[in-house]
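Report on the structure given below.
Nothing here was measured: the structure is a model prediction, and the numbers come from that model.
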Amino acid sequence: MAIFAMGWHKPDNVAGSSAPAIMVGLFVATGGLLFGYDTGAINGILAMDTFKQDFTTGFIDDNGRPGMYPSEVSLIVAMLSAGTAVGALLAAPIGDFWGRRLSLIFAIGVFCIGGIFQVCAINVALLVVGRTIAGIGVGIVSVLVPLYQSEMAPKWIRGTLVCAYQLSITAGLLAAATVNILTYRLPSAAAYRIPMGLQLTWAVVLALGLLVLPETPRYLVKRGLKDAAALSLSRLRRLDITHPALIEELAEIQANHEYEMALGPDTYKDIFLGEPHLGRRTLTGCGLQMLQQLTGVNFIMYYGTTFFNGAGVDNPFTISLIMQVINMVSTLPGLFVVESWGRRKLLIVGAIGMAICQLLIASFATASGENNQTTQNQILIIFVAIYIFFFAASWGPVVWVVTSEIYPLKVRAKSMSISTASNWILNFGIAYGTPYMVDKSVGSIDLGSRVFFVWGAFCILSIAFVWCMVYETSKISLEQIDEMYERVDHAWNSRNFEPSWSFQQMRDFGFSDSGVPPVEPQLELQPSNASTTQSDTGGSATTNTTATNSQDAKMLSQLGHIDLSY
């Protein structure tokens with residue numbers, strides 16, 4: 001418990017209050033409910049007898065009852081993921097043009113349109129269209145929610161708030177499993193239309209709440225709206241707009257952005273070739289997002305009920321509900337220790353635990369063959385439950401944390417868009433290909449439980465990837481992460497990094513007290529265009545750098561031991 005308390009304790013030398021930022025971050029995190037509920041709902045709906053009877057196109061299963069062809073099941077499930085990949089790519093231009101908040105409201109509107117199509121569907125084609133449209137909305141949300149959270153959260157609890165996004169996904173999965181178990185016995189179309197329709201309720205609540213929330217101060221700085229950024233930061237930190245700590249934090253964000261822009265433009269090409277080490281960061285984000293899917297979690301989330309049913313497990317709906325309870329509860333340890341353990345340690349421990357569970361399931365299934373079916377099912381259920389614990393406490397939430405932190409402000413939306421799209425592309429591949437891997441129908445590989453060999457191998461690869469590529473980003477501000485990538489050559493040395501640069505000094509003098517003066521003249525910073533941009537309150541930003549430095553220095557003398565980096 002001491003570790004848990006330490007992870008959530010606001011440092012005494014942090015000025016202002018973190019309560020507004022925490023409440024905003026937790027509310028926005030509920031955007032994860034949209035994806036979680038939709039995923040959990042389709043998992044159960046595909047196994048409902050009423051749904052099969054209404055949507056069958058002539059397929060008859062081994063028991064002589066109407067069913068769905070594997071190609072149809074694949075299409076229904078996977079097109080949500082195809083839509084999310086498109087939405088993730090759209091999130092960057094939309095988020096940079098309209099802002100994080102308004103773009104989220106737009107995304108929720110798109111999701112609602114897709115949800116209405118699903119509720120009204122009377123055939124597979126219309127259902128697929130609805131899931132694709134809903135997926136576009138989910139894809140935009142999946143980029144902008146962690147982005148919004150990381151840009152407005154204090155550094156001491158930033159990881160926990162972003163983890164809350166994954167907690168909301170698990171809550172949505174659990175809610176869907178609960179609704180499914182309450183409706184699947186209904187003899188009419190209400191059995192599946194009720195679960196489909198309920199996903200619209202929270203979407204409307206979330207959109208209404210976003211209407212009154214502030215835009216992130218870092219986005220406003222990126223747009224050159226310094227006065228609006230100060231007002232937003234004042235609301236989030238509960239500090240007066242003239243408070244020295246608020247002025248200093250805003251100045252450091254602005255100086256860091258100007259430093260980043262001096263190193264190169266904010267184009268899509270720059271996210272692969274730019275400095276400092278943007279290519280490495282983009283590879284890290286894409287690799288983590290792809291490996292998150294390749295651990296096999298959505299095999300359980302999409303097809304768990306169907307798989308357990310095919311494996312001869314009694315009460316597959318009940319088993320899936322239990323798995324979702326474990327999934328949600330197991331996310332809480334990750335929220336508690338993500339700051340005290342750090343990102344790297346939590347990811348490595350989680351990957352080791354998942355690999356052991358999956359390899360044991362596959363090994364026992366291979367060794368026993370068709371014998372000991374009862375024991376094999378018990379092993380399957382027990383170790384799938386343990387696997388879900390490890391995933392939900394580590395790779396589920398922490399991947400979103402890392403990919404929301406490691407990119408500089410100038411390309412953060414673009415880089416997160418690309419990395420999240422890689423997640424959804426793999427999600428689509430797994431969702432579409434799984435029926436062909438585990439079903440017993442003609443044209444399928446029929447791996448059964450041996451499919452866990454595949455997921456276990458990728459978990460082992462995940463351990464090596466995290467060790468070599470993932471930098472430890474806990475307990476430092478988003479601006480200080482730039483300095484870490486400048487100074488630390490190898491990811492395994494990042495745990496010992498101590499930030500020391502001031503981006504205000506880098507901007508004003510070309511180097512900081514602990515830094516090395518730049519040799520190349522192109523690294524000398526030029527005044528940012530933001531310095532002459534009109535703010536959204538009608539006033540112009542300050543252009544007299546000398547006067548600003550003098551005023552800031554006077555205010556800094558009053559700060560004492562206050563920690564200025566959030």
Under the side chain to side chain donor-acceptor pair (under 3.5 Å) rule, what pairs show up with a residue in residues 168-187, not counting sequence neighbours?
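The answer is none; no pair qualifies.
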Below 4.5 Å, heavy atoms only, C-beta onward: do [X] and [Y] meet side chain to side chain?
| X | Y | result |
| --- | --- | --- |
| L186 | I194 | yes |
| N123 | D54 | no |
| I76 | M68 | yes |
| W98 | I105 | no |
| E405 | R158 | yes |
| V179 | Y37 | yes |
| Q166 | F391 | yes |
| L167 | P397 | no |

Partners passing ring-ring contact (aromatic ring centres under 6.0 Å, His included) against [X] (at least two apart in sequence or in another chain):
| X | value |
| --- | --- |
| F390 | none |
| F465 | none |
| Y165 | W400 |

Fill in: Full working for side-chain contact (heavy atoms from CB on, under 4.5 Å) between Y148 and L213
CA-CA 11 Å; Y148 184 99; L213 295 185; 3.7 Å; yes
Side-chain donor or acceptor of [X] paired with backbone N/O of [Y] under 3.5 Å:
| X | Y | answer |
| --- | --- | --- |
| S363 | L360 | no |
| Q358 | G456 | yes |
| Q149 | L161 | yes |
| R131 | M79 | no |
| T216 | E151 | no |
| E339 | G159 | yes |
| T160 | L335 | yes |
| R450 | T366 | no |
| T30 | F27 | yes |
| R344 | W467 | yes |

State, without any angle test, whether E72 and T57 hold a side-chain donor-acceptor pair at a distance under 3.5 Å.
->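 Yes - a donor-acceptor pair under 3.5 Å links their side chains.
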Separation of [Y] [atom2] from [X] [atom1] (nearest 0.5 Å):
| X | Y | atom1 | atom2 | answer |
| --- | --- | --- | --- | --- |
| T403 | R343 | OG1 | CZ | 11.0 Å |
| M290 | N427 | CE | CG | 13.5 Å |
| L359 | C459 | CG | SG | 8.0 Å |
| Q293 | W455 | CD | CH2 | 9.5 Å |
| Q292 | L288 | CD | CG | 9.0 Å |
| Q53 | M48 | CD | CE | 12.5 Å |

Which pair of non-hydrogen atoms, one from [X] and one from [Y], has the smallest distance, and what is that distance?
| X | Y | answer |
| --- | --- | --- |
| G95 | L144 | CA-CD2, 4.2 Å |
| V143 | P146 | O-CD, 3.6 Å |
| A121 | L126 | CA-CD2, 3.6 Å |
| Q118 | R193 | O-NH1, 4.3 Å |
| A134 | L80 | C-CD1, 4.2 Å |
| I140 | S103 | CG2-O, 4.2 Å |

Determine, step by step, whether F35 and W424 satisfy the ring pair (Phe, Tyr, Trp, His ring centres under 6.0 Å) criterion, reporting the C-alpha distance in whole Å, the side-chain angles of both residues, the deciding distance to 0.1 Å, and the verdict. CA-CA 12 Å; F35 171 62; W424 295 121; 4.8 Å; yes
Worksheet item: Do T284 and V470 pass the side-chain contact (heavy atoms from CB on, under 4.5 Å) test, and can you show the C-alpha distance, the side-chain angles, and the key distance before you say yes or no?
Response: CA-CA 6 Å; T284 300; V470 177; 4.1 Å; yes
Carefully, step by step, assess S462 and L347 under the rule side-chain contact (heavy atoms from CB on, under 4.5 Å).
CA-CA 9 Å; S462 300; L347 287 171; over 6 Å; no
Which residues pass the salt bridge (Lys or Arg N to Asp or Glu O under 4.0 Å) test with R281, sequence neighbours left out?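 Expected list: D482.
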- Test V110 against I113 for side-chain contact (heavy atoms from CB on, under 4.5 Å), laying out the working first. CA-CA 5 Å; V110 173; I113 294 172; 5.5 Å; no
For residues 190-210, which residue pairs pass the ring-ring contact (aromatic ring centres under 6.0 Å, His included) check, not counting sequence neighbours?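 Matches after skipping sequence neighbours: F51-Y192, F55-Y192.
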May I ask you to check whether over 12 heavy atoms, not counting those of I122, lie within 6.0 Å of atom CD1?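 12 or below, so no.
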Exercise. Answer yes or no: does atom CZ of F97 have more than 12 heavy-atom neighbours from other residues, nucleotides or ligands under 6.0 Å?
Key: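 At most 12 heavy atoms, drawn from other residues, nucleotides or ligands, come within 6.0 Å of this atom.
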- Candidates T282, L147, L278, I271 - the one meeting side-chain contact (heavy atoms from CB on, under 4.5 Å) with Y407: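 Of the listed options, the one satisfying the test is T282.
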